[in-house]
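I have placed the structure first, in the form of structure tokens, so that the comments after it can refer back to it.
Nothing fancy with the numbering, it's 1 onward along the sequence.
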Amino acid sequence: MVMTAPTYSQRAILPNISWHTFETILAEMGDHRATRLAYDHGTLEIMTPLMPHEHNKRLIEKLIDSLAEELNLNLKSTGSVTCKRQDLQRGVEPDSSFYIQNEPVMRSKQNLDLSQDPPPDLVIEVDYTSASVDRLPIYLALGVPEVWRYDEPVMQIYQLREGVYIPCDVSPTFAHLPLTTEIPRFLQESLKIGEIPMIRSWRDWIKQQIGN
């Protein structure tokens, strides 16, 4: 029997797209849509996530919310907000994003303008290896401090240091907890016991870690 990798999203690549056309597409598609866009120097990727992708994304968001609560961190969830800069000819819509360190700065803002606002402190990418446009260089150019990439069952954390992304086993944002091993474990556990019991177990694990 031939085993095939699961498909979490459908993608289309459009070459030779001008920045003006990219902006027009964003405006025409509006904010209330399921698609995610990435633009890098004329190449546009349009991704439509499927249920496994969205399921993992939402679970990771819940884990982050629980982490912030247990560690007494404030955050602002900004979802798939469009992060773009014309001067860099780059734009991207992450699967999820958060302001944590810069939460006080962004708390009351309703729109994101990267010409004057900081980029999200943390972005999440799910099902990364199937992407046709490499988003990590886009996040690097935009100056995103921390990127999590989850490609089931592998989790990677990248921290921006001196102009490059450094792979880390722990998250500097969340008390240096070993999230690259534990998040995949808890995501798999949710398939056995369900989401709510998994979140309870996750909270117990966090309390045990910070109590040691």
Is the backbone of [Y] close enough, under 3.5 Å, to the side chain of [X] for a donor and an acceptor to pair up by distance?
X: S77; Y: G79; value: no
X: S190; Y: L187; value: yes
X: K62; Y: I199; value: no
X: K76; Y: R107; value: yes
X: T43; Y: P15; value: no
X: S80; Y: D95; value: yes
X: D121; Y: N102; value: yes
X: Y99; Y: V105; value: no

If we ignore angles and hydrogens, is there a donor and acceptor under 3.5 Å between the side chains of [X] and [Y]?
X: Q188; Y: E152; result: yes
X: S171; Y: E146; result: yes
X: T21; Y: T24; result: no
X: Q156; Y: Y150; result: no

Minimum heavy-atom separation for L179 and P184, please, with both atom names.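 L179 and P184 have their closest heavy atoms at O-CD, 3.7 Å.
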Might you work through the side chain to side chain contact (heavy atoms under 4.5 Å, CB included) test for I206 and F174, ending with a clear yes or no? CA-CA 10 Å; I206 297 169; F174 297 106; over 6 Å; no
Counting only heavy atoms from other residues, nucleotides and ligands, does the tally under 6.0 Å from [atom1] of [X] exceed 12?
X: D113; atom1: CG; value: yes
X: Q116; atom1: CD; value: yes
X: D87; atom1: CG; value: yes

Would R185 and W205 count as a side chain to side chain contact (heavy atoms under 4.5 Å, CB included) if you check the C-alpha gap in whole Å, the side-chain angles of each, and the deciding distance to 0.1 Å? CA-CA 12 Å; R185 180 170 74 85; W205 176 80; 4.0 Å; yes
Cationic N near anionic O, under 4.0 Å, [X] to [Y]:
X: E93; Y: K84; result: no
X: R36; Y: E54; result: yes
X: R90; Y: D40; result: yes
X: E195; Y: R58; result: no

Spell out, yes or no, whether [X] and [Y] are grouped together once hydrophobic residues are joined by side-chain heavy atoms under 4.5 Å, including indirect joins.
X: M155; Y: F98; value: yes
X: L88; Y: I138; value: yes
X: W148; Y: V170; value: no
X: V154; Y: L59; value: no
X: L177; Y: L73; value: yes

Supply the atom-to-atom distance [X] [atom1] to [Y] [atom2], rounded to the nearest 0.5 angstrom.
X: L71; Y: K207; atom1: CG; atom2: NZ; answer: 11.5 Å
X: R135; Y: L142; atom1: CZ; atom2: CG; answer: 12.0 Å
X: Y158; Y: I166; atom1: OH; atom2: CD1; answer: 10.5 Å

Taking side chain as C-beta onward, heavy atoms only, is [X] less than 4.5 Å from [Y]?
X: L14; Y: E45; result: no
X: L26; Y: T82; result: yes
X: K109; Y: D117; result: yes
X: R11; Y: I46; result: no
X: S66; Y: E61; result: no
X: I183; Y: L63; result: yes
X: E189; Y: S201; result: no
X: V133; Y: I13; result: yes

Please test T48 against Q10 for side-chain hydrogen bond (donor to acceptor under 3.5 Å, both in side chains), starting from the C-alpha separation and ending with a verdict. CA-CA 5 Å; T48 303; Q10 298 172 333; 5.2 Å; no
Please enumerate all residues that pass side chain to side chain contact (heavy atoms under 4.5 Å, CB included) together with L160, with sequence neighbours excluded. L140, Y165
Criterion side chain to side chain contact (heavy atoms under 4.5 Å, CB included) on L114 and C83, from CA distance to verdict: CA-CA 7 Å; L114 289 186; C83 303; 3.8 Å; yes
Given the options V126, N56, D127, D151 meets side-chain contact (heavy atoms from CB on, under 4.5 Å) only with D127
Hey, do the aromatic rings of W19 and Y39 have their centres closer than 6.0 Å? yes
Mind running side chain to side chain contact (heavy atoms under 4.5 Å, CB included) on M47 and T35 for me, showing each step along the way? CA-CA 5 Å; M47 185 270 284; T35 54; over 6 Å; no
